[in-house]
Amino acid sequence: MQTRKMGLIYALNRRGGWSHSHTHKPTLLDLNNDKLRIYFGVRNKDKRTTTTYIDVLKDDPRKIIYEHDKPCLGLGKLGTFDDAGANVSCAIRKEEKIFLYYIGWNTSTTVPSRNSIGLAVSEDGGVTFSRYADGPIMDRTPMEPYYTVAPYVLPVNNEYYMWYTSGTHWEIVDGRPEIHYHIKFAKSKDGINWDRPNVSCILPNADDEVTARPCVVYEDGKYKMWYSYRSVKDFRVDVSRSYRIGYAESPDGINWTRLDHLFKLELSDSGWDSQMTAYPALYTHDEKKYLIYNGNDFGKDGFGYALIEE
């Protein structure tokens, strides 16, 4: 696969208030015409993340035709799993509704945060969302006691498959707790209640690597995944150890083979994606394959896109 970078789509203008910085984890919703909705998380001045969106043209997502002026999913109630952050990760259509799967964020005392997976539902085409419940649909368990985040959900026949990020342990690095995690698999009959067989899909290649936030499509008789990977140590200060986008394939969505060498999205010499590429989101339009992704500092400098040419 060859990639051709097309440039920046969107970056915040540091407007302050609820929309102060970052554009975390671009998440796509096909509007069933020539338009595409891109949800993403934004931080306020206290670094609390809520979710909003823009609408763009599919054939050139740099052409923004609508920018939402408030969160479509705000913070949870005081004391709930998402009272300090609600960051979108996946959006799907389910009958006449939109299911939005998101990362709920809590502050913690011994580690920076605890994270769980929440669900919000829209009945107006994805403009406004209400929480399915005040609690998460996936949280820490006896088998996964540390961290559960960043899901991607795909309808498969009469079921739903989910690939999500699961923490394995925390480590003190330069006096700071850092989480180790990799991508696991779950499935559901209704998209709400999930069977979690504790199956690992994309394992790290080294003790100092993590894998996270996948995007999966089914084509050519197999599942294809784009995902993020980075080092645990020095990833904030060493460009060579920051997030990159990897690629894997699977015959069944459960057993995966990492094929990172088949996909390359190099850093730019300067600008918004010169230090990091992360959190891929994929769509196809007029036989062209578009990859939308975050750039430097986990999306502080915005998100853009590249064309994948096979």
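Atom set for the values below is all heavy atoms of this structure, side chains included, hydrogens, waters and symmetry mates excluded. What you are looking at is a predicted structure, and each value in this text was computed from that prediction instead of being measured.
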Regarding [X] and [Y], is there a side-chain donor-to-acceptor distance under 3.5 Å anywhere?
X: Thr27; Y: Arg213; result: yes
X: Asp124; Y: Thr128; result: yes
X: Thr52; Y: Lys70; result: no
X: Glu144; Y: Tyr181; result: no
X: Arg230; Y: Ser228; result: no
X: His182; Y: Ser200; result: yes
X: Asp273; Y: Ser268; result: yes

Please work out whether the ring planes of [X] and [Y] are parallel, tilted or perpendicular, with thresholds of 30° and 60°.
X: Tyr160; Y: Trp194; answer: perpendicular
X: His68; Y: Tyr53; answer: parallel
X: Phe298; Y: Tyr243; answer: perpendicular
X: Phe263; Y: Tyr247; answer: tilted
X: Phe99; Y: Tyr101; answer: perpendicular

| query | Looking at Phe129 versus Tyr39, is the centre-to-centre ring distance below 6.0 Å? | reply | yes
| Is the Tyr293-Phe303 ring centre distance short of 6.0 angstrom? | no
| What about Ile292 and Leu154, same hydrophobic cluster or not, with Ile/Leu/Val/Met/Phe/Trp/Tyr joined at side-chain heavy-atom distances under 4.5 Å? |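 Ile292 and Leu154: separate clusters.
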| field | Single-linkage hydrophobic cluster Tyr66~Tyr305, side-chain heavy atoms < 4.5 angstrom | value |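 Unlinked, Tyr66 and Tyr305 end up in two clusters.
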| request: State the CD1-CD1 distance between Ile38 and Ile9, to the nearest 0.5 angstrom. | output: 4.5 Å
| query | When you check the gap from the basic side-chain N to the acidic O, do Asp260 and Arg258 get nearer than 4.0 Å? | reply | yes
| query | Under 4.0 Å between a Lys/Arg side-chain N and an Asp/Glu carboxylate O for Arg236 and Glu178? | reply | yes
| query | Who pairs with Pro145 by side-chain contact (heavy atoms from CB on, under 4.5 Å), at least two apart in sequence or on another chain? | reply |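 Listed in chain order: nothing, the list is empty.
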| said: Between Lys58 and Asp30, is the salt bridge (Lys or Arg N to Asp or Glu O under 4.0 Å) condition met? List the steps. | reply: CA-CA 9 Å; Lys58 287 181 184 175; Asp30 191 337; 2.7 Å; yes
| remark: Sorted by chain and residue number, the salt bridge (charged side-chain N to carboxylate O under 4.0 Å, His left out) partners of Asp234 (sequence neighbours excluded) come out as none
